[in-house]
Each structure stands twice: as structure tokens, then as C-alpha cells.
Amino acid sequence: MSEARTASTAEGLSVADAGLDRAIRMRVNGSWHEFGPASGIGGSMTLAWLLREKLGLTGLKVSCDEGACGACTVLRDGKAVLSCMILAVEADGHEFPTIEGLPADDPVVEAFAEQCESGHGTALQCGYCTPGFVLTARAFLNENPSPSLAEIKEALSGNICRCGCYQAIAQAVLKAAAKIALRGRKA
Amino acid sequence: MSKPFEPRVERAFIGKYRPKIDGKEKASGKAVYADDLSIASRIPGLLYAKVMRSPHAHARIKSLDIGEALAYPGVVDILRYCDEDVASLAPTNAGWTDGVDTVSYRKMMWGSFRDRRVLGDHACWVGDEVGVAIAAETELAAEEAMRLVKVEWEVLPFVLDPLEAMRPGAPLVHPEISKDNVFPADPFGGEEVFVDKGRVEDGFAEAEVTIEAKSVYHNATQSSLDNWCCVVDWKEDQVSVWSNSYAVDQTRMHVSQMLGLPLHRVRAVSPYVGGQFGRGDTGDQPFFLFTALLSRRTGRPVKFKHTRRESFHDSRQPAIYFAKAGATRDGRITAMHFRSIGNAGAYADHTMFALKYAPKEITEVALAHIPNVRFESKGVYTNKLPACMMRGVGNSQFNIIFGHVVDMLAEKLRLDPIDLCIRNFGHEWESLPDRSLEKVLAEGSDRIGWKEKRHAPGSGELHEMTRRRGVGFSCHPAWHAEWQETRRGKVQVAITLNPDLSVLLSAPSVETGNGSNTCNVLGCAEALGFLGISPSDIRWASTVDTNAGLKDCVQTDSAVSYLQSEVMAMAALELKAKLRDLAAVELAVPPGEVEIAAGIAFPAGSPERGLAVKEILLRGDLAPITVHMSRAPLATKTGVPFIANFAEVEVDESTGRVEILKLVVVNDCGTVMYASGAEAQQIGGQCIAVGETLSEEIIYDQATGVPLNFNWLDYRIPTMADMPEIEPVLLEVWKGGGEYGACGIGEGTLTCTPRAILNAIYNAIGTRIDEIPVTPEKVLRALAERGATAAATAAGGGPGAGVAP
């Protein structure tokens, strides 16, 4: 639990719940959203909370709520970020693609869903961490379109998969890279 | 490089490598979990509950003042331990069942240990949920108001260590149950000496070689990403409970029994669940009840959710194991004596399952040919977080001493430990050697390169100046063959065939990730093969709802992968009979002469007169045909298959760091139901196993009893960068009863890993570390002791002089 969310005065009264004093605007999956002082968003609310509770984007999960697991990953201006570590007010003026914003034939989503060949298992089991992994991989492949296995392991080591599908996830990222390259050539 | 497994019987759908049926839904973020279906906009009027957590390891509430908290903006109601609606609830236990069956309050498995109060006044560990529960308009308001509750505590002395807790004068955790913190005998676990076969003393007298060993298993925690979450809506006619419990029928029974409601007035629903791994035992958790009471009081739906820190709610049962074993010089084991002292933590729950119930079964499925065997165990209360089920419950802990005995005894006998296992272990329905054990060990040995890499302890070559490599293994009997599942009672499915030959499958089982949903769809397609349909023609429901009227098949050890498929095979026969009746009319032959294959019904011997089943149905009244089938698991004792894990490690003697170079995971499955899913279990299990062995550990401040690392930064779960190459090996050697004769493998995939790694470390550095997690500090200390021993030997002191065994 972040310190900011539970900050209290000496009298035990919350300062965290104070509403916004001005409107914030952000672009999520292509649409602009504005939240004003009456939106119920407090100064301590995280971007993760806002995206889930106010916009209904529940693909991202709040698991550790302190930047340790990666389940709440979204993209900010093209980079993977942890939405539990960003305050809603800090989101002002930025663009956030979430898992819901990816196209139906997104190559990374497809590669994760299809992974099954012998020797690696599937790239997901319970699926709770999966959207976070997909978006982390998405941002990583934008920067490094043809990564090595070692580079994938390094890049995705901020995400936890307790079902332990790491070996298949790495394979899925390799396959996603190949899919992207293939489609790019076709285009 | 691994190679695909070879099925014993080639089938159309069962046993294939293919994507998980929910892959797309999960990868695209569309799968809905309890926390998702309960966002505020989806449940009008939703309130949020928070419960008080004890700041003390052991204390009693003397008085409470909730005045200020009640006045805090947004607070709707506060439930206190002394309020009649909660104070009148019966004492309970969080593990009414071990997950397979549905049980009432009267029949709960550990009825001897009803040590929990729902929101009581007696706090038994730091974090214990006691005192008050607050319902408020927002989570934050509930949290803030909790800070305003004034509590006068009577702080009591506490104890963390089980050996200290057994000493006279130690603080008593539950004096109403035990006057010395040691659990009394109970009907399920038995006496302190719970196995005493043959005459152990005579067996040791006959032995020409004996060894003594000690191993310590610590308290790791499950760490499901989907923290506990429930929403309870108490309406006049029905109390609805949406949650991420993995046992909905048991959740309904628990709520019904504890709150005195008839079953038709309680509805339990679970959508997708983000990992289970045994957390919270079977979910008979008090928080369901105080959340329900808050909903009744306020007349509104109430959500209760653990934060990640609060989800450090229970741990694997830690225990100290001692063993003595004796054998003749030719490697025949004459006697084995195992002793354990388990740290139950603050509540009993399933402690005795781990300490007694699980190991007891091993005597009949692996030690059946050892003439003299004794097991004894003490479960001990302390003021640590409660011990609980965790993937591999009891078996994982026992394997750490079992594989230790094998390795030590083999070394002293100058035998290959693989040969020692094959010569001695097997179940009572088969003569030695056990074919399954032989095959898993041969396959594992081959894949790790056992013959080339195994050397005398500590005698391998040095790599990069300071690193030594070693290999080790451990093996274990599986424990989810069909005959071991009979306590579940009936397994239920319903198959509805639509007139266009699409299928609605009702095989309720909460999807926690282990792939049994895919197994069910494959099993259904296989069973309905005569209709010529494929898995994509079958609709499987991801949400399990008790109002559907079928008991859910609870996920334990991926046993669901075959249990419901066995029932579907029978349901398919009944469906076929119904279709024969319909086709008989159209074909103008008696039903007994109708054959159906590939979706065509035809008179026996005259396929040219066939009619498509779909056409026959579309000519009729278009009513779907539903078959309900219930079947108890077959009780025929078929023995069990074996599991083995092999490890290769590299230990840096200058830093104490252990790197796992490779793991080989071998499971004899009987029948592989879904190959990609089974391999995902084999590989995935190693995340928990490697974490438990090398990095995961709950650390307490000894002076206060406060746990210090209830977060994933300091409680270190392996990430992708920490995991070694893992080679999964699926075999079909053993076969159980029924159509498939499969066995659950999910839990067992990690059971042998810690000991395999420990034995590999010994092989690498020639000194033993018998306590996990193996931190660099422990390695360096062991190396220093080895050095001291070597120096003493050189100085004429003899091996081990001055070093306590």
C-alpha cells in the first residue's frame, strides 16, 4: 500500500481523499477523457484505480499495488509503465493505450494465446498477469524488434507470473517478433 | 532439447499439443475475475469492508471505542466482536475439507481443532483479523476510519519457535485445545506415532548400515496474484457470494452452515480465478461471514478484498524433519523412522494434513516393501501466520527428508541412489521393481546426463576458478490417481446437445489456471467423437454458479483434468442411446440396430442408408437433449505413478551463490489429457519450487513477532531472469482405472525440486545444506565448516570431530 494513499494528519483525518482542484485530461485508447473536481477522484488515487473504476478497463490488474509485479502495466506515450505507481493527477496530458486498446489481431496477443508447442507449455495459465506481460512485451518489441532470448528475459523480469509460464512467455515474445516482422514486410 | 511425448493410445483430441481454450480471452484482457466484476459501476450501492488487524503477536482486546470511527464521513456501519450477530457464531476452522468433498460443520475434517472465532477478541499473530469490521462508501474511508478505532489491548507473551513452544511454561496459544501447544490426537491424523509397521527396532538391528538425517522446510507462501476478494449481497430471498474461492459448493455450504441459512438461499459464484496454489485452504475463511453480516446490516452489497500485504494470510506448513534409516550392504532397506515437528502457526487448519495425513499414504504407495516403518509427528501452535495448504501439501515437505535419506544412504552404501530407489520403493499392489519408478528415473537420468555428470561429492572440476557443478534428483509417488479421489463423492457433468450438433457443456470446476477447462472440452469432444464434432463446437462456461445445481469438481493437483472427462465418457453413452432412439424412427429399424459414427446414423451393416444426426434432429421438435451424469471415482486400488525431478547446479564457492543450470521434470501421467497444459504445469510449478528453495522466505522480527517482508520486493518470487532451463518429460507407463486411467500431476511437479537441488548442491560442494531457502550465507557457512572439518582431519582430529551431527 503506498504511503500517499494512507497519509493522515496527526488528528487521524485523511488528507488523501481531497478532490482535484482542477480538471485533468488524458487520452485512453484513442479517446479523450476529462475528470473534474466533482469526479470523485482524489489526489491519492492511482492511474490504475482510475482506469479500472472510472473507465471500466479491468484488463489491467491491481495485485501488489506497489510496483513489484507488473500486473497493472499500461503504455504511456509508447513506453510500458506501472499504473499503480502513477497518480491519476500525473496522468494529465498523456496518452495511455491499455490492453483493451490493442487490435483484435495484435501479434503479441495472438502469440501469447497460441503458444503451445512441445517443450515449453502454454504462455499463460490463470491469466492474471498476462495483460501486463503482453503490454510489457509490446513496448519492448517496439524498441527491439528482433531480441535475443537473454534480452527478453532481462526486459520482462519486472513482471511476475506465479503460474511460472516464463519459458513459454519468452517463446511467445520470439514468435510475436517474427509475426511483426512478417506483417511489416507484407505491408 | 526436449522431445514431444509419445501417447500410448492415439486419440483424436485427448493428449494433444494445442492452445489453451481461454488463451485469447486471457491474453486480450477480456477474462473477468472477482475484482473485475465488482468494480463500483457494475454493482450499484456497493460498500467496502475493512477488518482490523492485530498489531501484536498475541493479545486480547480488553475494550473498544468506535465512536470516532463511526462518525467518519462515509462510514455506514461497524461490526464489533461483541455484537450478538457475530459473537453467537460457532468456533470454526478454515479448512473444513482438503478441497475434494463438500462438508458440513459437523463433518469438518479437523473438527478437533475449532480454534478460530469469526472476528474474535483473541489475536494470535501479527495481522490476525479480529475486533471490528467497517463498512464504508469507499475503501479509503473504511481504511481511514479503522485508524480511529481505539483499542485497549491486553498484550500477551508470544512464541514463534515450535521447540520453544513445547517447553514447560511457554505461552499457550489456544489453551482450550492444548495445554502444551502440541496438537492432541485426532480422528483424521491419528496418534503421535501414526504409522508403526513391523518392528522398527528389529529392522535397525538387522541393518548393516544406518544413517541419520535432518531437513528443515520453511514457510513459503502461495502468492496468487489474484488477492482474496469477495462480494456479498444479502437480500431477503437469497444471499449471493461472488468470490475467487476455488470451491463454490463448499463456499455455499460454509456460509449456509455458519449463518444458519438453507442451501437454496445461498448462492456462490466464482468467475476466473487468478491462481490458487492452496491458499486459504478450502476457503472456509471467516471474512466471508463478517462481510455477509455487514451486508445484512446495511442492506447493501459489500466487497471485501485483501491488499497484497494482507494476502500474506497463510503459508506452507513449515516443519523440522528427522529420519533414521538402515539397510543391508546389498542395498535392501530394513527400517525407516521419520519424525517431524511442525509449526502450525496461529491456527491449526490443515496442519495435520501435511504432517500426518499425506505422509501416511506414502507408506502404502512407496514404502510398501520396506518391512519396518515408523512415522511420528507433533503439530505445534505458535504465534506465526497460520500454516495452510500449498501446492504439494505435506508431500513437498516430506520429500525434503525422504530424498535426503536416499542420497545419504546410497552414499554410505556406495550405491547409485537411482538403484537404491528402484530396489526398494513401490506400492503394495505390485512386486518390485516398480515399472513407473524405473522409467521416470531412467528418463530423468538420461535427460540430465546423470552418468556423465554425477561424481563423488565435491570432486568435480572447477569452473571459472570458483564454481563447482553437481547433479541431484529426488523422486516421489503421485497422489491423485482416481482411487485416491473417492472421498470427493460424485463427480457431476451435464451435456446439452443442440439440434445443430453444437454442445453446451456443464462441467463445473473453477478455472484457476491449471488447464482443466481445456481438458474438459477435449474430453467432451473425444467422448462425442461419434457425432463428428470438434472442440470449437463445444461451449464451456468460465463462471461456476451453485444455482446451476451441479457440484463443482474442485481443482486439486489437476485431477479435474481427467475426473470430469471420465464422467463425460459415460454421459456420451447415454446421449448416444437417446440419439439411437430418435434415429430408429427415421431409419425404420429397431434402436439396437442403429449405429452412429462421424455424425451419421445408419442401420448396422448398411452405412449407405445413413442419415446425418443433425438432419434427424432438425426434423424433430428442436428441443435440446440434455444428459446429466454423476459418477463416484472408481475405488479400485491401482497404485500410483511416480514423479522425479533432476537438477544440475553450479555453486560459486567465493560468493555462496547457487545457480540452477537445468531442471528436468518427469511425470508419469497414466494418460496425458492435454499435453501443452501438462507441460505448462511441469514447467510452471518450478517457479514456486525454485523460489522456495533459493529465495522465498517470510522473515520475522524475533523481538516483536512482526513479519518484516509481506511484500514482493522483500519476499522474492523468481522472475523470468531467475529461472533456469526446464525440460518437461511426460510419460504414460502406469495406468489407473476408467477410460483414461490418468493421474493428477500439477502439485507433484514441484514436490521433488527442493531436495533435487539440495542433493545437487551436495554433489557440487561436498557439504550438505539441509535447510531451505539456500541463501549464499548458508552456503558460505557450510563451506567454512567443511574447511574446518578438513583442517581438523588434517591435524588428526578425525572426520567430524567437534561438529555436532
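Throughout, protein chains are lettered first and strands after them, A, B, ... in sequence-line order, and every chain is numbered starting at 1.
Within the 4.5 angstrom heavy-atom criterion, no atom of A:A155 approaches chain B. No part of A:L57 comes within reach of chain B, as not one of its non-hydrogen atoms sits under 4.5 angstrom from that chain. For A:A168, no part lies under 4.5 angstrom from a heavy atom of chain B. When heavy atoms are compared at a cutoff of 4.5 Å, A:E154 does not approach chain B at all. Contacts of B:F277 with chain A are made by side-chain atoms alone, with heavy-atom separations under 4.5 Å and no backbone atom involved. Heavy atoms closer than 4.5 Å to chain B are found in both the backbone and the side chain of A:I160.
Donor-acceptor pairing under 3.5 Å is lacking for the side chains of B:E727 and B:Q682. Side-chain polar atoms of B:Y17 and B:E679 form a donor-acceptor pair below 3.5 angstrom. Of the N and O atoms on the side chains of B:Q222 and B:S224, not one donor lies less than 3.5 Å from an acceptor on the other residue.
Side-chain contact between B:D714 and B:N711: present, with at least one pair of heavy atoms (C-beta onward) separated by less than 4.5 Å.
For chain A, the option among B:R308, B:H306, B:Q276 with the highest count of heavy-atom pairs below 4.5 Å is B:R308. Contact tally against chain A (heavy-atom pairs below 4.5 Å) for B:G685, B:A40, B:A680, B:G29: the top residue is B:A680. Chain A forms the most heavy-atom pairs under 4.5 Å with one residue out of B:K16, B:R42, B:E511, B:K30, and that residue is B:R42. Contacts with chain A were tallied for B:E25, B:Q681, B:R391; B:Q681 has the most, counting heavy-atom pairs under 4.5 Å. The candidate with the highest count of non-hydrogen atom pairs below 4.5 Å against chain A, out of B:I717, B:L713, B:D722, is B:I717.
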- Message: Using the rule given for salt bridge (Lys or Arg N to Asp or Glu O under 4.0 Å), can you reason through B:E696 versus A:R162, listing the C-alpha separation, both sets of side-chain angles and the distance that settles it, and then say yes or no?
- Response: CA-CA 13 Å; B:E696 295 179 29; A:R162 188 53 156 172; 2.7 Å; yes
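Other residues, nucleotides and ligands contribute only 12 or fewer heavy atoms inside 6.0 Å of the CD atom of B:E6. For B:R53, the CZ atom is densely surrounded, since the number of other residues' heavy atoms within 6.0 Å is greater than 12.
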